[in-house]
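To keep things clear, I will list the structure first and then write my remarks on it.
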Amino acid sequence: DDSLPKTGEGPHLRVSGSYALPRAGGSRYIGSMLKVMIAPVTPFQQNCSLVWCQDTMEGTAVDPGGDFDMLKQAIDEQGIKITKVLLTHGHVDHASAAGTMAEHYGVKIEGPHRDDQFLIEGLPESGRKYNFPVYKPFLPDRWLEHGETVSLGKETFEVVHCPGHTPGHVSVMIESRGEKAMITGDFMHHPCQIAHPEWSSAADSDEEQGIRTRREMFAKLAGTPTLV
């Protein structure tokens with residue numbers, strides 16, 4: 001979609017053009033109760049998702065990997081009350097600013113799966129490697145397991161363990177008033193992988209496991225009205 005900001009244009013808030021979502025002030029309603037805004041962060045332009053309940057205005061930042069000041073501005077402008085931070089996995093561009101955000105809002109960090117603990121513990125070193133700003137080190141307050149749930153306002157999300165990109169990668173299934181969406185994290189990087197799940201990212205820690213994960217997830221989602 002040529003009307004959408006392109007990677008490298010700066011810290012725009014946008015709905016991801018890769019998935020051809022309709023724009024609604026830079027956000028998308030799920031089931032008329034949940035609202036999602038996607039904010040590309042860090043020099044890698046990783047998508048951080050701000051998700052909040054319209055009824056309670058309680059919200060979360062999923063994968064706040066950096067650009068904390070920009071995210072804070074967006075949160076303030078939308079009037080979101082951050083009640084937790086969610087992480088899909090422990091890579092530097094997805095998790096670096098989580099500790100700083102959790103401290104600022106006085107909330108807890110949930111996720112990823114415990115198998116990514118080594119990545120979380122290594123974030124300060126990874127940040128130095130990629131010249132990221134210095135953020136507060138942390139360990140999650142809650143490790144997430146497959147099939148567990150995460151609450152947000154009046155809604156409940158399902159946790160799906162999706163190893164391959166990292167050992168402890170999780171995705172979050174959102175459902176509200178009959179509509180579904182999945183925050184995939186990095187178990188897929190591009191829509192072409194729906195047609196070709198065997199195509200892998202060089203950043204996948206276990207290529208074969210990543211392929212199995214994509215095939216299993218796409219088979220489960222096939223034929224369902226699920227936004228990814």
Side-chain angles (χ1 to χ4, degrees), residues 15-16 21 24 26-39 41 46-65 68 71-72 74-90 94-117 120 136 138-163 166 168-187 217 220-221 224-228:
V15 170
S16 173
L21 307 183
S27 57
R28 163 78 187 228
Y29 283 98
I30 304 297
S32 77
M33 182 176 287
L34 287 175
K35 203 168 185 181
V36 181
M37 175 179 285
I38 297 177
V41 296
Q46 181 277 125
N47 286 333
C48 171
S49 298
L50 301 178
V51 185
W52 68 97
C53 172
Q54 281 289 99
D55 282 0
T56 66
M57 294 307 293
E58 293 183 12
T60 183
V62 184
D63 290 351
F68 172 69
L71 292 175
K72 180 179 179 298
I75 290 165
D76 291 345
E77 289 175 352
Q78 297 297 325
I80 304 168
K81 179 184 177 183
I82 295 294
T83 58
K84 64 185 61 182
V85 174
L86 290 178
L87 296 178
T88 65
H89 63 290
H94 284 253
S96 286
T100 297
M101 178 169 284
E103 181 180 56
H104 178 81
Y105 291 105
V107 299
K108 294 183 177 181
I109 300 170
E110 299 187 17
H113 185 281
R114 188 181 294 275
D115 286 350
D116 268 11
Q117 181 170 344
I120 300 294
K136 181 179 175 59
F138 69 93
L139 281 177
D141 298 282
R142 176 190 176 192
W143 299 105
L144 296 177
E145 299 286 342
H146 181 80
E148 290 185 337
T149 59
V150 175
S151 61
L152 184 69
K154 297 181 178 181
E155 301 298 314
T156 301
F157 305 158
E158 180 185 357
V159 176
V160 183
H161 186 207
C162 300
T166 68
H169 191 292
V170 298
S171 295
V172 182
M173 181 68 75
I174 301 172
E175 183 171 2
S176 178
R177 297 182 180 177
E179 293 190 0
K180 293 183 179 181
M182 173 175 270
I183 297 177
T184 60
D186 274 354
F187 91 74
M217 289 306 306
K220 290 179 181 178
L221 296 175
T224 69
T226 304
L227 182 70
V228 296

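All of these numbers come straight from a predicted model, not from anything done at the bench.
How far NE2 of H161 is from OG of S171: 10.0 Å, rounded to the nearest 0.5 Å. Here L87 contributes atom CG and L144 contributes atom CG; the two are 9.0 Å apart, rounded to the nearest 0.5 Å. The line from CD1 of I38 to SG of C48 is 9.5 Å long, rounded to the nearest 0.5 Å. Taking CD1 of I82 as the start and CD1 of I75 as the end, the distance is 4.0 Å to the nearest 0.5 Å. Taking CE of M173 as the reference point, atom CD of E158 lies at 6.5 Å (rounded to 0.5 Å).
For G90 against P112, the heavy-atom pair with the smallest separation is N-CG, 4.1 Å. Considering every non-hydrogen atom in both V41 and G65, the closest pair reads CG2-N, 4.0 Å. The minimum heavy-atom distance linking L71 with P64 is given by the pair CD1-CB, 3.9 Å. Pairing each heavy atom of A95 with each of F138, the nearest pair is O-CE2, 3.4 Å. Nearest heavy-atom pair, G79 versus M57, reported as atom, atom and distance to 0.1 Å: O-CE, 3.4 Å. Scanning both residues, V36 and W52, for their nearest heavy atoms gives C-CZ3, 4.5 Å.
Taking E58 as the reference, T56, T83 meet the side-chain contact (heavy atoms from CB on, under 4.5 Å) condition, with sequence neighbours excluded. Residues satisfying the side chain to side chain donor-acceptor pair (under 3.5 Å) test with T226, not counting sequence neighbours, are T224. Considering only residues two or more places apart in sequence or on other chains, S96 meets the side chain to side chain donor-acceptor pair (under 3.5 Å) condition with none of them. Here H89 pairs with H91, H94, H165, H169 under the ring pair (Phe, Tyr, Trp, His ring centres under 6.0 Å) rule; sequence neighbours left out. Partners of T166 under the side chain to side chain donor-acceptor pair (under 3.5 Å) rule, at least two apart in sequence or in another chain, are D116.
With hydrogens and angles ignored, the 3.5 Å screen pairs no side-chain donor or acceptor of E155 with any backbone N or O of L152. For Q78 (side chain) and M37 (main-chain N/O), no donor-acceptor pair under 3.5 Å exists by modelled atom type. Put simply, the side chain of D63 gets close to the backbone of T88: a donor and an acceptor are under 3.5 Å apart.
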Exercise for review: Check the pair M182 / L227 against side-chain contact (heavy atoms from CB on, under 4.5 Å), numbers first and verdict last.
Suggested key: CA-CA 6 Å; M182 173 175 270; L227 182 70; over 6 Å; no
Point to revise | Step-by-step side-chain contact (heavy atoms from CB on, under 4.5 Å) determination, V51 to F157 | key: CA-CA 11 Å; V51 185; F157 305 158; 4.1 Å; yes
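A heavy-atom distance below 4.5 Å is not found between the side chains of V172 and V150. Taking the side chain as every heavy atom from C-beta outward, D115 and P163 never approach each other to under 4.5 Å. Using a 4.5 Å heavy-atom cutoff, the side chains of V159 and E145 are not in contact.
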Side-chain donor-acceptor pairs under 3.5 Å in residues 99-110, sequence neighbours left out?
residue: T100; atom: OG1; partner: K136; partner atom: N; Å: 3.0
residue: E110; atom: OE1; partner: R142; partner atom: NH1; Å: 3.0
residue: E110; atom: OE2; partner: K84; partner atom: NZ; Å: 3.2

